[in-house]
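Structure record follows, encoded as structure tokens.
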Amino acid sequence: DAGVTQTPRHEVAEKGQTIILKCEPVSGHNDLFWYRQTKIQGLELLSYFRSKSLMEDGGAFKDRFKAEMLNSSFSTLKIQPTEPKDSAVYLCASRTGGNYAEQFFGPGTRLTVL
Amino acid sequence: GDSVTQTEGLVTLTEGLPVMLNCTYQTAYSTFLFWYVQHLNEAPKLLLKSSTDNKRTEHQGFHATLHKSSSSFHLQKSSAQLSDSALYYCALRRGSALGRLHFGAGTQLIVIP
């Protein structure tokens, strides 16, 4: 079975650019998450979707970060405009809706903003 | 609000010694606790999970027991291996259908020969 897929794996952007990261969750999973991972802050939640509806977004990320779930098998994270402090690994994860459900993570996109 | 505390940011151990990574949590709701492990350049993966008070759960040589009286879910292993070197996250989920995971800050475990 295919796991969570993320593209691209690496992205380099100039300050001020718009970048779009992509995620395909595990087929049949209802919940999808976007996280930012840094050494200092660890895992920070950016967005949480259930059945394509936005359930929660990380308050601190609202202004320049926008996640969308266009259909049940595809999600995007747009960062506009990018800033050097956005350099991090962006992880997508999915799970079924059960309380005890395992969350499956994708390999991540490493973003570098110059 | 819900929160998870991992007190050690970095733990360095000699191979063969026991491992104990601390995890405590705060929530006013029924809970599910998880440990995720992330090896270098890989995605985080589930290691252990529990929702039953005082029951030991084990996987891949690691074990943890959820103690609701002390709000703890410490991760242990009797003998560290070099391959255990990784980043470990403790996470909490409320016992509701809409609960999302609340992650601790993570503990980097380095096992040396």
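Please read these numbers as outputs of a predicted model, since none were measured by experiment.
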Over all heavy atoms of both residues, which pair between R100(B) and L45(A) is shortest? Give the atoms and the distance, please.
NE-CD2, 3.4 Å
If you group Ile, Leu, Val, Met, Phe, Trp and Tyr by side-chain heavy-atom gaps below 4.5 Å, do Y89(B) and F73(B) land in one group?
no
With clusters defined by side-chain heavy atoms of hydrophobic residues (ILVMFWY) lying less than 4.5 Å apart, directly or transitively, does V4(B) cluster with L66(B)?
yes
So which part of Q108(B) gets closer than 4.5 Å to some heavy atom of chain A, the side chain, the backbone, both or neither?
neither
Counting only heavy atoms closer than 4.5 Å, note whether F33(A) contacts chain B via side chain, backbone, both or neither.
side chain
Checking Q37(A) against chain B: side chain, backbone, both or neither under 4.5 Å from a heavy atom?
side chain
Has Q26(B) got more than 12 heavy atoms of other residues, nucleotides or ligands less than 6.0 Å from its CD?
no
Please find the pair of heavy atoms, one from A43(B) and one from G106(A), that lie closest to each other, and give the distance.
CB-O, 3.1 Å
Straight-line distance of N41(B) CG to R110(A) CZ, nearest 0.5 Å
6.5 Å
Distance (rounded to the nearest 0.5 Å) between L101(B) CG and Y48(A) OH
9.5 Å
So if you build clusters from Ile, Leu, Val, Met, Phe, Trp, Tyr with side-chain heavy-atom gaps below 4.5 Å, do L54(A) and F65(A) land together?
yes
Checking heavy atoms, do the side chain of L43(A), its backbone, both or neither come under 4.5 Å from chain B?
both
Report whether L40(B) and I110(B) are members of the same hydrophobic cluster (ILVMFWY, side-chain heavy atoms less than 4.5 Å apart, transitive linking).
no
More than 12 non-hydrogen atoms from neighbouring residues, nucleotides or ligands closer than 6.0 Å to OH on Y29(B), yes or no?
no
Where do Q103(A) and Y36(B) come nearest, in terms of heavy atoms and distance?
N-OH, 3.0 Å
For L114(A), I'd like to know if atom CG has over 12 heavy atoms of other residues, nucleotides or ligands within 6.0 Å.
yes
